[in-house]
Amino acid sequence: MSSKNYIDVVIDGKIYNIGGFESEAYLQKVASYINNMILEFKQNESYRVQKVDMQRILLEINIANDYFKAKKQADLLENDLEIKEKEIYDLKHELIISDAKAETAAKERDEALEKIKTLEKEIVKLQSKIK
C-alpha cells in the first residue's frame with residue numbers, strides 16, 4: 001500500500017497542509033480546482049454579498065453538483081462500455097460460428113470435388129468400354 005503524501009497548498013489565499021494516498025500532483029490538482037472555483041465565485045457580486053457560511057454552502061453545493069454530473073457521465077460511459085463489450089463478445093461468437101460453418105462448407109466442397117473427380121474417372125472408364 002502507498003504511503004500517505006502531504007503537501008502544502010494555497011486555497012483562497014491561505015496555506016493548508018493536506019494529505020492523502022494519491023500523488024502530490026493529484027492533491028495539488030484538487031486544491032487548484034477548489035481554489036479556481038472560489039476565485040470564480042468571488043467574481044460574482046451576488047456571491048460576495050452573502051455571509052461566509054452561505055458562501056461556503058454555495059461552493060459546496062456547486063462542487064457536489066460538478067461531482068454528480070461527472071459521476072453521471074462516468075456511469076453513462078461505463079454503461080456504454082459494457083454494451084460495447086457485449087456487442088464485441090457477440091460478434092466474436094458469431095465469427096467463431098461462421099468460421100466453423102465455413103470450415104465445414106470447405107470440407108464438403110473438397111469432398112464433392114473429390115467425388116466429381118471419381119465420377120469423371122468412372123465416366124471415362126465407361127466411355128472407353130462403349131467404344
Side-chain angles (χ1 to χ4, degrees):
M1 188 164 163
S2 306
S3 62
K4 198 167 186 180
N5 294 309
Y6 293 92
I7 185 172
D8 287 335
V9 295
V10 177
I11 298 175
D12 198 20
K14 296 177 186 146
I15 297 174
Y16 296 92
N17 185 274
I18 62 173
F21 292 103
E22 294 82 5
S23 69
E24 288 183 7
Y26 177 81
L27 296 173
Q28 184 64 46
K29 187 176 180 178
V30 170
S32 178
Y33 169 80
I34 293 170
N35 199 43
N36 287 336
M37 186 167 272
I38 291 170
L39 292 173
E40 184 180 319
F41 271 62
K42 283 187 172 184
Q43 292 174 359
N44 185 323
E45 178 63 31
S46 60
Y47 175 81
R48 288 192 311 251
V49 298
Q50 300 293 325
K51 294 181 180 179
V52 173
D53 288 345
M54 181 57 105
Q55 289 177 348
R56 292 297 173 197
I57 291 295
L58 290 171
L59 182 66
E60 291 164 357
I61 288 170
N62 278 274
I63 290 171
N65 182 49
D66 287 351
Y67 167 79
F68 285 113
K69 283 180 180 177
K71 174 104 172 76
K72 180 179 180 181
Q73 184 65 25
D75 290 344
L76 289 172
L77 291 172
E78 192 172 302
N79 189 40
D80 286 349
L81 179 61
E82 288 175 7
I83 290 168
K84 300 284 188 231
E85 286 175 345
K86 185 183 181 321
E87 287 175 0
I88 289 170
Y89 175 81
D90 291 344
L91 288 171
K92 284 181 179 179
H93 186 69
E94 286 179 31
L95 180 61
I96 290 168
I97 291 171
S98 295
D99 284 348
K101 286 180 180 179
E103 190 175 313
T104 301
K107 284 180 184 177
E108 289 173 355
R109 180 202 65 218
D110 292 344
E111 290 171 0
L113 288 173
E114 196 60 41
K115 190 169 187 174
I116 289 171
K117 285 180 187 177
T118 304
L119 292 173
E120 285 174 344
K121 287 178 186 178
E122 189 68 30
I123 290 171
V124 169
K125 283 182 188 177
L126 291 172
Q127 285 176 342
S128 65
K129 285 183 181 179
I130 293 176
K131 292 181 185 181

* same_hphob_cluster(V10, L39) at 4.5 Å side-chain heavy-atom cutoff -> no
* Residue pair Y47 / Q55: nearest heavy atoms and the distance that separates them -> O-NE2, 3.0 Å
* Would you say V9 and Y26 are hydrophobically clustered, going by side-chain heavy atoms of ILVMFWY under 4.5 Å? -> yes
* Is a side-chain N or O of N62 found less than 3.5 angstrom from the main chain of L58, in a donor-acceptor match? -> yes
* Is any NZ, NE, NH1 or NH2 atom of the basic residue among K71 and D75 found under 4.0 Å from an Asp or Glu carboxylate oxygen of the other? -> yes
* Side-chain contact test, heavy atoms from C-beta onward, threshold under 4.5 Å: evaluate it for D12 versus K42 and give yes or no. => yes
* **Student check: side-chain heavy atoms of K72 and F68 closer than 4.5 Å** => no
* CD1 (I15) with more than 12 external heavy atoms under 6.0 Å -> no
* With side chains defined as the heavy atoms from C-beta onward, is the minimum distance between I34 and V30 less than 4.5 Å? -> yes
* With rounding to the nearest 0.5 Å, note down the distance linking CG in L119 to NZ in K125. => 11.5 Å
* To the nearest 0.5 angstrom, please state how far the CD1 atom of I123 sits from the NZ atom of K121. => 13.0 Å
* Atom pair CG/CG of L81 and L77 - distance to nearest 0.5 Å -> 8.5 Å
* Structure fact -> Heavy-atom nearest pair, E24 first then N5, reads CG-CB, 4.0 Å
* From I83 atom CD1 to E78 atom CD, the distance as rounded to the nearest 0.5 Å -> 11.5 Å
* If Ile, Leu, Val, Met, Phe, Trp and Tyr residues are connected whenever their side-chain heavy atoms lie under 4.5 Å apart, and connections chain through other members, are L27 and F21 in the same group? -> no
* To do: Indicate yes or no for a side-chain donor-acceptor contact from S32 to the backbone of Q28 under 3.5 Å, with no hydrogens or angles considered.
  => no
* To do: Give, for atom CD of E60 and atom CE of M37, the distance between the pair rounded to the nearest 0.5 Å.
  => 11.5 Å
* Can you check whether K92 reaches I88 side chain to side chain, under 4.5 Å on heavy atoms? -> yes
* Asked: Could you walk me through whether E40 and N36 pass the side-chain contact (heavy atoms from CB on, under 4.5 Å) check?
  -> CA-CA 6 Å; E40 184 180 319; N36 287 336; over 6 Å; no
* Is E45 salt-bridged to R48, cutoff N-O under 4.0 Å? -> yes
* Test Y33 against every option in I38, I11, D66 by the side-chain contact (heavy atoms from CB on, under 4.5 Å) rule and name the one that passes. => D66
* Structure fact -> Output for pair (E108 CD, K101 NZ), nearest 0.5 Å, gives 12.0 Å
